[in-house]
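The block underneath contains the structure these notes are about, expressed in structure tokens.
First the proteins, then the strands, lettered A, B, ... as listed; each starts at 1.
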Amino acid sequence: MREKELRRSRSVFPIGTVMTLTDLSARQIRYYEEQDLIHPERNEGNRRMFSLNDIDVLLEIKDYLADGINMAGIKQIYTLKKEESETKKQKEHQMITDEDVRRILHTEFLSVSGLMSKEPTQYIDSKDLF
DNA sequence: TTTCTGACA
DNA sequence: TGTCAGAA
């Protein structure tokens, strides 16, 4: 099942293709790369080459944006996913469930709405996450 | 022609 | 985020 993962990680699309596939502007795509949300490789000419994985992430970002989540919130989501996968190597299992994501989005929503005295990094103290 | 980086009336 | 410039 590793072959499949490698294929999805193979960077082959130029930004133009990604733009039409995701309906995002080159500006946005490059910006998301700056935010470390995607990590496209570069070809000989310094052109960004995106993988199917990158496109999936971009599509997810688009959905979050459509739901009114700001960049800070989106970054948190991916930061959590990353930390989770690192923790995974130590604690054997535990994945962020859809429910966790929903709770995170809800917290973010309250934060954005100013209905909460916020402190974004709080739930990274994943004591109650498990 | 397409993409890259940097900058901002 | 859009958009323009100058370069590759």
(request) State yes or no: do A/L65 and A/I29 share one hydrophobic cluster built from I, L, V, M, F, W and Y residues joined by side-chain heavy-atom distances below 4.5 Å, directly or via other members? (result)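 Same cluster: A/L65 reaches A/I29 through Ile, Leu, Val, Met, Phe, Trp or Tyr contacts under 4.5 Å.
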(message) Does any part of the side chain of A/E41, heavy atoms only, come nearer than 4.5 Å to the side chain of A/F50, both counted from C-beta?
(response)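 No - every pair of side-chain heavy atoms lies 4.5 Å or more apart.
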For a quick test of reading the model: is some side-chain N or O of [X] closer than 4.0 Å to OP1 or OP2 of [N]?
X	N	value
A/S25	C/dT1	no
A/R48	B/dC4	yes
A/Y31	B/dG6	no
A/R42	B/dT5	yes
A/R47	B/dT2	no

(request) Can you see which heavy atom on A/Y78 is nearest to which on A/L37, and at what distance? (result) CD1-CG, 4.4 Å
Could you tell me how far apart [X] ([atom1]) and [N] ([atom2]) are, to the nearest whole angstrom?
X	N	atom1	atom2	result
A/R30	B/dT3	CZ	P	8 Å
A/N43	C/dA8	CG	P	16 Å
A/M19	B/dT3	CE	C1'	10 Å
A/E44	B/dT3	CD	C1'	14 Å

(request) Please tell me which of the listed nucleotides, B/dT3, C/dG2, B/dT5, lies nearest to the side chain of A/R27? (result)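 Side chain of A/R27 sits closest to C/dG2.
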(message) Regarding A/G45, tell me which of base, sugar-phosphate or nothing describes its non-hydrogen contacts under 4.0 Å with the strands shown.
(response)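 Nothing: the residue A/G45, judged by heavy atoms under 4.0 Å, touches no strand.
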(request) Counting Watson-Crick and G-U wobble pairs whose two distances are both under 3.5 Å, find the runs of 3 or more in a row that involve DNA chain C. (result) B:2-8 with C:2-8
(request) Compute whether any side-chain donor of one residue and acceptor of the other, for A/N46 and A/R42, lie under 3.5 angstrom apart. (result) yes
(message) Once rounded to the nearest 0.5 Å, what's the spacing between atom CD1 of A/I77 and atom NZ of A/K81?
(response) 7.5 Å
(message) Between the side chains of A/E3 and A/R8, is the shortest nitrogen-to-carboxylate-oxygen separation below 4.0 Å, so that they form an ion pair?
(response) no
